[in-house]
Amino acid sequence: MDLSELNDAQRRAVTAGDGPHLVVAGAGTGKTRTLVHRVAWLIEQGVPPEGIVLLTFTRRAAGEMLDRVARLVGGRARGVRGGTFHSFANTALRRHADRLGYSPSFTILDRGDAEALVGMVRGELGLGSTEQRYPKRGTLLDVLSRATNTHRTIAQVLDDQYPQYAHLEPDLQRLAVRYAERKQEQGVMDFDDLLVMLARLLRDHEEARRRLSHAARHVLVDEYQDTNRLQASIAALLSSVHGNLMVVGDEAQSIYGFRGADVRNILDFGQLYPNCPVTVLEENYRSVQPILDLANGILETATTGYDKHLRSSLPSQELPVLADVMDEHAQAEVVVRRVLELREGGTSLDEQAILARASHHTHLLELALSEAGIPFRKYGGLRFSEAAHIKDVFALLRLVANPRDVLAWFRVLSWSKGLGAKTAQRIGDSVAAADDPQLHPAAYKGRGYHADLVDLAGFLEDAAPLVADVGALVDLTIAYYKERIVDIHEDWKKRLKDLDSVPLLAERFTSLDQFLAEVALDPVEAADADEAVDDEVLTVSTIHSAKGLEWDAVHLVQLGDGAFPSAFSLDDPDELEEERRLFYVAVTRARRHLMLVWPRFVRARRGPVMGPGCVLLDTIPHLHDLLETVKPTRRPWSEGPQAADADEIERIARLLDYFD
DNA sequence: TCCTATGCCTTTCCC
DNA sequence: AGGCATAGGA
């Protein structure tokens, strides 16, 4: 293997000896390349590929890295175990589920399912029916989830995050206990359980730990700054036998605090492993210097001092552009024009991306792209597999895989007329509680929905023998569902064509459990379900989903207080810091061309129009030396403010002045 | 027990 | 704007 294309620091990390190792890698400093070479190097040194565990943040990242490893060492790379913490946990738990009181075909609950179950448990415990201002089920789940992921008690989480609900601690304790019992009874796990159970397996089950950790000769963790306490403990336990744990990350890019990620993991790694070697990668190979100057400027404004200064060997005369525009219409216009101009200049659509803080910030822009005939794929936001009709199909499949899955019963039963929430839950519960979990329609003779239950039981009977033939099972399920969709969704016509994408998704899978787990752990992006694939496509993505990726040209839209930074972060200094790091991540995705778009006038869904400020920009020292500001000529105010009040008219007038 | 109408309340990022 | 709880009639 050729190590000559690596710099000294990278080579040190790649060829490091055994033991723990921390790699601090600034944006664009060849972090991925280093990890890829490290894995390849280990294989060449004779480490069996199955002994290497590569934990990454997304499935996409894992796949990409293993492809690159394969280019260096060939087919041997296939043996490497790679994926997210959750997917690794899923695989390990299927093998050892019985030790934890679970069947190997347990079902994974996504966020929506988990909330629904919390809702059921809340009802069952009679919580919140009389009291006013009771937290919503999403909030309840959030409290439980934060407690698990950050290793804190419910009381602590309430204190820190939800002081207004501090008095509900006893309720939440009961809820937590019952919720856990319900999941166990039904053979379902939520995302957190995957991590909790894996940690429990590693801690409490001697034999399973031996099997798992003896196999893990080398553990490598990417994006370590975005791991939470639980994940860090898993990495430590997993590597405890051989002690070979290499973690790679950049504390300036920690952007998942909202999900319980803890920067302390990377900052305190040296305390956990005293004398652990540290390699710092500083040379940036990705971006031209003016882009890095801006990135450095952003870090300078951070209150947590990051001891980082990115430098590049790629000079450029082209400053990043700040498009100071009137509103979202002007934003769309300026972005479309820029995309086309760059393309004329040789930057293909594949090499361009539009990034935004929130998925909905690009709605108008997507319309404009379609109008202009620019093909794009959107990442982030609502997933294909989260659409109601797709979840319907998966509920049927889940019943085939795990007939104790009460949420799946609930969903499927509610399709029948005259069968409401109460009855659905009662039927689901009784099936789940039975020794031989099966639907017995005969018990409901005389009810209006009896015929539906007979049909459903018939379907499940026909489906049962097909578990091993995922393709045939999916076809049967879709056919069954298509007969019913007309009564379930008023707008069934536009939903119908999506159903035909499901068999395509299932194609790669030989096991139903695997298929269902995969869909839960890595929800299919709306973009990927579309069969119309142009060969040259622009990317539209949230910044979070763009983590770890890069493009020649990046167009970052919707800057402005309330949008980016998000309104929720404005009054909390810690959260504002996370917005800053997010801004930093966005900017450092760009190699050569960067445009920031700052619409001065954004109509919020409700409430006031957003003001013209943007703290992320305002606080950067010497901003105007770092950017080339353009103010496109104002387009005529064709839309006009509807029903504007006096305040709003005045604000608009001021803005208009500004632009003239 | 089910379904519909009404009014209130919140609103991000994701494995 | 849309989800969610509650009220009240069927």
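Here the structure is a predicted model, which means the values were calculated and not measured. Just so it is clear: chains get the letters A, B, ... in the order the sequence lines come, proteins before strands, and each one is counted from 1. Reckoned from all heavy atoms, side chains included, excluding hydrogens, waters and symmetry mates.
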- [ ] Would you mind classifying the nucleic acid contact of A/S359 as base, sugar-phosphate or nothing, using non-hydrogen atoms under 4.0 angstrom?
- [x] sugar-phosphate
Task: Nucleotide nearest A/K136 when distance is taken to its side chain, options B/dT10, B/dC13, B/dT1 - done: B/dT10
Open item on the list: Does a side-chain N or O of A/S545 approach OP1 or OP2 of B/dC13 to a distance below 4.0 Å, or not?
Closed with: no
- [ ] For A/N402 and A/T107, work out which heavy atoms get closest and say how close.
- [x] ND2-OG1, 3.0 Å
- [ ] Determine the contact category for A/L195: base if any of its heavy atoms lies under 4.0 Å from a base atom, sugar-phosphate if only primed atoms, P, OP1 or OP2 are that close, otherwise nothing.
- [x] nothing
- [ ] Could you walk me through whether A/F515 and A/F394 pass the ring-ring contact (aromatic ring centres under 6.0 Å, His included) test, one step at a time?
- [x] CA-CA 10 Å; A/F515 178 43; A/F394 280 102; 5.5 Å; yes
TODO: Take the protein atom CG of A/D190 and the nucleotide atom P of B/dC14, then report the distance between them rounded to whole Å.
DONE: 19 Å
List, with names and distances, any nitrogen or oxygen atoms from the protein found under 3.5 Å away from nitrogen or oxygen atoms belonging to nucleotides 4-7 of chain B.
none

- [ ] Using atom CG of A/D113 as one end and atom C1' of B/dC15 as the other, report the distance to the nearest whole Å.
- [x] 14 Å
Open item on the list: For a quick check of understanding: with a heavy-atom distance under 4.0 Å over all strands, which category does A/R137 fall into, base, sugar-phosphate or nothing?
Closed with: sugar-phosphate
Task: Short side-chain N/O contact to B/dC14 OP1/OP2 from A/T58, under 4.0 Å - done: no
Task: Euclidean distance, atom CG of residue A/L93 to atom P of B/dC15 [Å, nearest integer] - done: 19 Å
TODO: Name the residue closer to the 5' end of DNA chain B, choosing between A/T139 and A/F85 according to the nucleotide with the nearest heavy atom.
DONE: A/T139
Open item on the list: Can you work out whether A/H544 or A/A424 has the more 5'-proximal nearest nucleotide on DNA chain B?
Closed with: A/A424
- [ ] Round to a whole Å and report the spacing from CZ of A/F258 to P of B/dC13.
- [x] 8 Å
Task: Separation of B/dC14 P from A/D226 CG (nearest whole Å) - done: 13 Å
Open item on the list: Between A/R580 and A/T619, is the side chain to side chain donor-acceptor pair (under 3.5 Å) condition met? List the steps.
Closed with: CA-CA 10 Å; A/R580 272 215 176 86; A/T619 47; 3.2 Å; yes
Task: Rounded distance (Å) that lies between atom P of C/dC4 and atom CG of A/L140 - done: 13 Å
Open item on the list: Quick check: closest heavy atoms across A/A356 and A/H361, and the distance to 0.1 Å?
Closed with: CB-CB, 3.9 Å
Open item on the list: Check this for me: does any side-chain nitrogen of one of A/R182 and A/D429 sit under 4.0 Å from a carboxylate oxygen of the other?
Closed with: yes
Task: Side chain of A/F568 - closest among B/dT12, B/dT1, B/dC15 - done: B/dT12
- [ ] Rounded off to whole Å, could you give me the CZ-to-P distance for the A/R447 and B/dC2 pair?
- [x] 9 Å
Open item on the list: Is any side-chain heavy atom of A/V221 closer than 4.5 Å to one of A/T227?
Closed with: yes
Open item on the list: What contact category does A/R59 fall into here, base, sugar-phosphate, or nothing, at under 4.0 angstrom with non-hydrogen atoms?
Closed with: nothing
Open item on the list: When you compare the side chain of A/P565 with that of A/V615, does any pair of heavy atoms fall below 4.5 Å?
Closed with: yes
Open item on the list: Check this for me: A/R495, atom CZ, are more than 12 non-hydrogen atoms of other residues, nucleotides or ligands nearer than 6.0 Å?
Closed with: yes
- [ ] Mark yes or no for a side-chain to base donor-acceptor pair under 3.5 Å between A/R357 and B/dC13, with no hydrogen or angle criteria applied.
- [x] yes
Open item on the list: Taking any heavy-atom pair under 4.0 Å as a contact, classify A/T423: base, sugar-phosphate, or nothing.
Closed with: sugar-phosphate
Task: Rounded distance in Å - NE2 (A/H361) to P (B/dC13) - done: 8 Å
